[in-house]
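Following: one structure in structure tokens, then a few remarks.
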There are 2 protein chains.
Amino acid sequence: MSYTYPYPKADHTTDLVAFAIENMVLKVALIKRRDDPFKGVWALPGGFLNIGTEDLDGCARRELIEETSLDLNNVYIEQLYTYSDPTRDPRGHVISTAYYALIPADLFGTLKHNDDAEDAKWVNLADVIGETGGMPLAFDHMRILTDAVERVRGKIDYFPRIAMSLLPKQFTQAEFRRVHEIVNGVKFDPSNFNKRFRRMVSDGRITKTGEQRATSGRHASLYRIEDA
Amino acid sequence: MSYTYPYPKADHTTDLVAFAIENMVLKVALIKRRDDPFKGVWALPGGFLNIGTEDLDGCARRELIEETSLDLNNVYIEQLYTYSDPTRDPRGHVISTAYYALIPADLFGTLKHNDDAEDAKWVNLADVIGETGGMPLAFDHMRILTDAVERVRGKIDYFPRIAMSLLPKQFTQAEFRRVHEIVNGVKFDPSNFNKRFRRMVSDGRITKTGEQRATSGRHASLYRIEDA
DNA sequence: GCAATAGTGTCTTTGAGACACTATGGG
DNA sequence: CCCATAGTGTCTCAAAGACACTATTGC
């Protein structure tokens with residue numbers, strides 16, 4: 001077939017899966033939709049791409065800034081997947097490129113929302129995807145969310161940067177281990193995990209920075225992950 | 001139900017990075033553009049999404065069928081990334097979702113092309129991205145190609161299915177090893193690599209099927225990867 | 001026999017996991 | 001002293017890498 005230009009066009013949005021850890025629990029940012037379709041239903045934050053002036057990364061970052069008011073220099077953002085089922089949006093064929101973001105613990109804060117939402121909040125991931133029913137989400141957002149969880153789980157073991165992005169700038173061995181436990185939903189033997197941690201220190205991938213910190217037991221050393 | 005939305009829309013295409021191994025060399029399918037922009041320049045095959053009736057996977061598969069006339073049941077296809085720089089296409093803001101495909105050696109064949117191309121052929125990957133200059137590609141297709149190579153390299157060690165998708169239905173230990181060598185661009189010690197291979201046989205991930213095959217030296221056993 | 005390709009055995013090192021242990025702080 | 005948390009040592013096993021070796025075919 002021969003292509004005459006222009007061609008039919010599609011709406012394009014980004015959806016954002018923002019993760020953060022608070023109180024030892026993995027949370028995800030959701031908004032409550034103000035308008036149809038899916039009025040009153042919880043959904044991932046997202047919005048339409050500004051055609052001609054921004055790329056999808058820019059669109060996702062803009063959405064995240066509107067939502068969190070954060071400086072994104074210390075936030076990890078990565079494209080996840082593009083969802084394009086013609087029936088995924090009842091308004092028509094809307095293609096959506098999903099991103100996920102990891103918010104460091106020391107930047108965690110309350111969420112804002114704009115006119116298209118009537119509420120926005122951090123929700124425990126387990127309560128959203130919960131085995132015991134969970135929470136209905138708009139569009140195909142449950143699928144996007146589970147894809148994002150799978151991606152983060154698949155990467156955290158191999159890329160220290162992922163764990164770093166959920167931790168405060170300085171952290172202890174135990175906090176580093178707990179991030180892995182929370183994300184993977186399993187327990188690790190502290191001894192064996194710390195051996196791995198010490199190797200990363202020897203390799204220069206993690207550096208000891210501060211000395212101690214007040215807790216109820218023995219004081220812990222503080223570390224920082226080197227970017228490289 | 002229908003809702004009207006005032007948002008501007010974008011063109012959406014898929015671009016396809018099709019890999020195959022022939023004569024122990026990794027090749028990629030390219031077409032020569034017949035029309036502007038980039039008239040006469042080599043490019044990845046691709047095409048516009050049919051809005052409202054197909055999703056991106058379907059669009060990529062359609063392109064691949066047009067190009068190769070293959071039954072895609074034995075072809076591995078995976079979404080790679082979505083490229084959205086507003087200036088990546090001089091015609092306007094065209095968003096492109098790239099896919100990569102792995103063609104089994106026993107399905108390798110000549111390429112067809114449709115009206116938007118004046119030629120189509122398999123090109124040695126090394127000649128395209130070559131350290132010694134390489135080949136100019138249209139749009140951001142060089143970036144897409146190198147991203148695809150990186151993805152395949154990153155996955156082949158962990159997912160036997162990737163190697164399988166480049167091999168014929170039945171293959172020898174040496175062929176399995178050579179696929180890894182060709183994709184990664186390195187040599188592996190046959191002894192150590194074969195140990196790993198034998199482990200996969202013990203685990204039932206690979207099954208011995210045929211017995212022998214004619215060559216100039218000792219005859220080799222034939223194997224098949226189990227899907228699982 | 002010889003060339004060519006297929007396939008094995010052994011040693012060393014590295015890292016994962018199980019599990020018992022020591023160290024240092026506050027009260 | 002006791003509790004709580006931080007952190008270590010040792011044993012075993014699985015797998016990777018270096019490298020010397022044996023096996024089976026055609027001619």
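Here is the naming used below: chain letters follow the sequence lines, and residue numbers restart at 1 for every chain. Reckoned from all heavy atoms, side chains included, excluding hydrogens, waters and symmetry mates.
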Test A:Ile95 against B:His12 for side-chain contact (heavy atoms from CB on, under 4.5 Å), laying out the working first. CA-CA 9 Å; A:Ile95 297 166; B:His12 207 123; 3.4 Å; yes

Would you sort out whether A:Asn124 and A:Val28 count as a side-chain contact (heavy atoms from CB on, under 4.5 Å), showing the intermediate values? CA-CA 6 Å; A:Asn124 292 355; A:Val28 60; over 6 Å; no

Could you walk me through whether A:Phe19 and A:Leu26 pass side-chain contact (heavy atoms from CB on, under 4.5 Å), step by step? CA-CA 7 Å; A:Phe19 291 113; A:Leu26 187 59; 4.2 Å; yes

Show, in sequence, the C-alpha distance, side-chain angles and deciding distance for B:Glu175 and B:Arg177, and conclude whether the salt bridge (Lys or Arg N to Asp or Glu O under 4.0 Å) test is met. CA-CA 5 Å; B:Glu175 287 171 336; B:Arg177 172 167 44 82; over 6 Å; no

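As rounded to whole Å, 14 Å separates atom C1' of C:dA6 from atom CG of B:Asp189. Nucleotide D:dA6 holds its C1' atom 12 Å from the CD atom of A:Glu175, rounded to whole Å. Distance A:His180 NE2 to C:dA16 P: 12 Å, rounded to the nearest Å. In this structure, B:Lys187 atom NZ and D:dA18 atom C1' are separated by 17 Å, rounded to whole Å. Distance, A:Tyr223 OH to D:dA6 P: 11 Å, rounded to whole Å. One interatomic measurement links the two molecules: CG of B:Leu222 to P of C:dT5, which rounds to 17 Å at whole-angstrom precision. Here D:dA6 presents its P atom at 9 Å from CG of A:Asn194, a figure rounded to the nearest Å.
For D:dC27, the base has no donor-acceptor partner in the side chain of B:Ser216 [N/O atoms by modelled type, under 3.5 angstrom]. Checked by distance alone, A:Ser191 brings no side-chain donor or acceptor within 3.5 Å of a matching partner on the base of C:dC21.
Distance alone, capped at 3.5 Å, is enough to place a donor-acceptor pair between the A:Asp189 side chain and the A:Ser191 backbone.
Of the two residues near DNA chain D, B:Gln212 and A:His219, the one whose nearest nucleotide lies more 5' is A:His219.
For the pair B:Arg196 and B:Phe193, the cation-pi test (distance below 6.0 Å, angle within 45°) is passed.
In this structure, the nucleotide among C:dG7, D:dA6, C:dC19 sitting nearest to the side chain of A:Asn192 is C:dC19. Each of D:dA23, D:dG7, D:dA18 was ranked by its minimum atom distance to the side chain of B:Arg218; first place goes to D:dA23. Listed candidates were C:dT8, C:dA20, C:dA6. Nearest to the side chain of B:Ala220 is C:dA6.
Side-chain contact between A:Pro104 and A:Lys169 is absent, with no heavy atoms from C-beta onward closer than 4.5 Å.
Contacts of residues 195-204 of chain A with DNA chain C (heavy atom under 4.0 Å): A:Lys195, A:Arg199.
Between D:dG7 and A:Ser221, a contact under 4.0 Å exists linking OP1 or OP2 to a side-chain N or O.
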